[in-house]
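Every chain is numbered from 1 and lettered A, B, ... according to where its sequence line falls, protein lines coming before strand lines. Values below: every heavy atom of this structure, side chains too, minus hydrogens, waters and symmetry copies.
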Amino acid sequence: MRRFADLIDTLVLTPGRNGKLKLLSGYFRAVPDPERGYALAALTNGLDIASVKPAMLRELIAGRMDAELFKLSYDYVGDLAETIALAWPVPAGPHAGRNDAPSLTGIVEALAGASRREGPQLIAGWLDQLDASSRYALLKLVTGGFRIGLSARLAKQALADFGGVAVTEIEELWHGLEPPYRTLFDWLEGVADKPVNAAAAPFRPVMLSHAIEDADFTRLDPADFVAEWKWDGIRVQATAERGVRRLYTRTGDDISAAFPDLVDHLAFDGTVDGELLVARLAEGEVSIGTFSDLQQRLNRKTVTGRMVRDHPAFLRAYDLLQDGSEDLRGLPFAERRARLEAFIAPLDPHRFDCSPMLAFDSWDELAQLRLALPEPVIEGVMIKRRTAPYVAGRPRGEWFKWKRDPHLVDAVLMYAQRGHGKRSGYYSDYTFGVWRGEPEEGELVPVGKAYFGFTDEELKLIDKYVRDHTIERFGPVRSVRANAVTGLVFEVAFEGIARSTRHKSGVAMRFPRINRLRWDKPPAEADRLETLEQMIAGAQ
Amino acid sequence: MTRWEDCPLAMALATNKHKPVVKALFQSHRRPYLHAMRPDELLCPRPEGLYCPPGGFHIDPVRPVERALITHGHADHARAGHGHVLATAETLDIMAIRYGEDHAGSTQVAALGETLIIDGVAVRFHPAGHVLGSAQIAVGRGGLRIVASGDYKPRPDPTCASFEPVDCDVFITEATFGLPVFRHPDAGDEISRLLGSVGANPDRAHLVGAYSLGKAQRVIRLLRDAGYDQPIYIHGALKRLCDYYESQGIALGELRPATVETGGKGDFAGAVVLGPPSAFGDKWARRFPDPLISFASGWMMVRQRARQRGVELPLVISDHADWDELTATITAIAPEEVWVTHGREEALVRWCEMNGTRARPLHMVGYEDEAE
C-alpha cells in the first residue's frame, strides 16, 4: 500500500501538469502488473468496490469517535476520506503503525471477494494497521474521487506518454477495457498488439468550443461559418453498434442506465453528438422543458416509470460522427450536417430532431438573434466553421460559443458561512436576499447562495465586513447586519431562475455567482422579489 | 506539576507588607465554594484582550493598553504601544528587536516562577514551551487561580524551556490545532524527510518556509541535531532573531544570508534556504535554481492546505499543542473550568463537556492562527 500511498501524496503536491504526467508514467514503468492496473483504475474511478460504500465508512468512524467531533473535523478538512484518515484513532497494540497491510493488489482482490458485511470489517482492520497517509490512500480507493487535480484524461495522457501513442487511441479503446488493464499495458510496452476494442459502441472523444472574443469578429469572415442555438441541456454522445446502445456524457461517462426511454429508441447504427433535453412532441411542435426539469433526471442510477412519463428524454442532434461502419469525423462540418439530417429523419420524432441552423449574413445579424433568444432553454449561439473536421478536444479556431449575457440582480448579503478546505479560515459562502415589500418595513428573503465570482482580495474584504457586522453566530454561519441602511449589496449574476418549494422566497437561481461588489449601493436600492418573479413569468 | 503551595513565597515578594495577602491568596486554593470571587471577576475577555479588573492589567492585548502582561513575542500577542509591559526577559528583548527599544512606556522583567503582586493580584510566569521566552501567566486572588497559557506545546524543543502544567481552577487554552485531525508527527522524522529530499534533489534549492520567530530557529536546530553541518541560508527577515537566539546560547551553526551577492545562482543548488513563507511569492524566490517549496507548519497536516499553498514538501512541525497534547494537558491539570481563547474552539469545548469539564469559548479575535 505504501507505494500507492506515496504516488497519491506526491501527485497531490506536484504542481503542474507535466510534473504529474512524469510521475504517473514513471509509476507505470516501475510498478508491475496487476498493481499498476489497479492504481490506474483507482485514479480514473474505474474500480467498483461493491463491498464498501461511503456510508459504511461513516458508520465505521461513528463507532470510533464522537459524532460531533467528527462533524467539526469534516467541516474543517472538507474531504471525507482525509478526515477519517487523519482522525482515525489507532488503538495501541502490536499492529499499530506497522504498515504491513496487504499491497494494493491484495486489498483490491480481498475486497472483490468480500461481502458487504465483511468489507467494512476488512477496512477497519487495515485502518488500524496503516499510517495516516496510507489510510488516506485506502479510503480514497474505496470512495473514489481523489480530488488531487488529476483528471481521467490526464491519466490517459500519461498512458499515451508511457507507450508513445496518441491519447485519442487510448480514449477510443478505454470503454472496452477492464482493470487491471493487462492487454493495454502489454500493448503500450510493445509486447503485444494493440487490443481490439471488442466492446461495441465505444465512446468517441468529443469536440469542444472556445468562447468567442471581441477580436474574433473582425478576424473571422462570417461567410466561413454557420451558427445554431446553444441548447441548455446536457451534451451527450448517443451511439449504437451491433445491438449495443450507449449514452455517454462529453467526458465519456456512461449514463445509459438513467435514460432507458431514450436508449430504447437508439434504433440506428452510428454515433450522434447532441444535446440531451427533457421535451415532448405535441401537435408537430417540440416543447422543451426547463433545465430544472432535466435536473429531475440527472444523477440517478435508475428511473421510475413516472419520471420517464413526466420528464421524457429527448435528443437534439448536432453532429454525426459515425454512420454504420463509416467514420465521418474527417469530413467538413457542412457535409456531416447533411448526413446528419438524413440520418435523423427516419428516427422517432418524439425522441430526436436536428438542432436548427440559423441564417445570418453578418456578425451583427447574428448578434441580433442572440439578443432575442426564442426560448428560455437556449443559452446562446454556437458558431462553427463550415470546413471544420470533427477533432477531439478543443482545437483553436473551429468552434466558438457565444453565450447570452447572464441575468443580474442586486441582492443583500444576509448570512456568511465558513468555507471548506482552502477557504476554511474565511467566511466565503454567502446567502443573499432581496426585498419582499418596501425596504423600510418589508423583509429580506434569501434567494440564493454563492461562493465564487470574487477575487482573493475581495474575499478578504468581504470576510472582514462579515466579521465586523455579525449579529448572530450559528456554528459555522454568521448572520450579517442587513437592513435598509446597513448592509453589503452584491450584484449577482445567474443563468436561469425557476420556482422552488425548497426556498422560503419560492425562487431558485441557477449557477449564481458574485458579479460585482456594490460597496457604493445602499441596501434599500437592492432588487425586489417581484423582479425575480417577473423573470420566472417571462421564462414560461 | 508545579503547585503554587510548594513555592517559596518569601523570595517572590516585592515588599514584606504583601506577605499576609499572598498567604491568603494561596491558602484556600481548589475549594471552589470558598472562592471570594467568580473567575470572570478575576479575568474576563474584552475586545482588547483578557482583562483583570482588580489588577488593572491585560494579558496579550491586541490594542494598546496601560498595563500589559505578554506571554510571548509573536506579533499577534506582543504588540507595540502599551504604557507598561511585564514579560520574560527574552520576550522583552524580542519585542525590542521587533518594535524598537521604545515599544512601551516602561518594561519590567518577569522571572519564571517568581510571584509578583499587582494591586492585590498574584501573578506568576511559567514556561510554555512555545518559543524562546514564552510563558504561561498564572493569576491568583482569593484562593482562585487562573492560568492563561498563551500559546504552548508540551513536547520537547531544543530552543526553549519546556512547558510545565500549572495547577489551577481555570485553565485558559488556545485551540489552534484543536481538532482530532491534528496529530503532529515527531519533528525529527519530518527533518529526516527534508534531508532525504535534499539528498534526492541535489540540483534543487530547498526553500523552507518558517515563521521568523521560533519556528525558523527550531528547524535550524533540528537540522543540526540531525547531523546537517552545511551552511544554512536565511532570508534577511530571519537574521536578527537568529542572532538573538545565538546570543542566548542556542547554537545554530553557520548561517549565511540568502542573497545573490554572496554567490552565483548555482551556489544554491542542493542548499537549504529558510525564509518567511510570505517571501516565497515575490522576486526573492526567483534567484534559486528550480526551487522546491517546503513549509514547516502544523497546517501541513491537511493535504489540501499544502496543495493550496503550492507546497511540494510539507513538514508537519508545529509550535502548538496538537489535539492529543491539548486534551492530555487538560486531563493532567484537571481544572474546574476551561476557557478557550482562539482556534478551533468548538471541538475542544465539546471534548471538555464529554469529559465532564466545564468549558466555554471566549471568541477572542485578533489572534492569527494562520501564520503558524
Chemist: Using the side chain to side chain donor-acceptor pair (under 3.5 Å) definition, which of the options A:Arg478, A:Gln417, A:Arg467 pairs with A:Tyr427?
Modeler: A:Arg478

Chemist: If the threshold is 4.0 Å, N to carboxylate O, is there a salt bridge linking B:Glu325 and B:Lys153?
Modeler: no

Chemist: Is it the backbone or the side chain of B:Glu345 that comes under 4.5 Å from a heavy atom of chain A, or both, or neither?
Modeler: side chain

Chemist: If we define contacts as heavy-atom pairs under 4.5 Å, which of A:Lys71, A:Glu68, A:Glu82, A:Met65 has the most with chain B?
Modeler: A:Glu82

Chemist: Pick from B:Arg183, B:Met301, B:Met354, B:Arg350: which one has the most heavy-atom pairs with chain A under 4.5 Å?
Modeler: B:Arg350

Chemist: Return the set of residues passing side chain to side chain donor-acceptor pair (under 3.5 Å) with B:Thr71 (not counting sequence neighbours), or none when no residue passes.
Modeler: B:Asp60

Chemist: Tell me whether the centres of the aromatic rings in A:Tyr430 and A:Tyr465 are closer together than 6.0 Å.
Modeler: no

Chemist: Select one option (side chain, backbone, both, neither) describing which atoms of B:Val311 are under 4.5 Å from chain A's heavy atoms.
Modeler: backbone

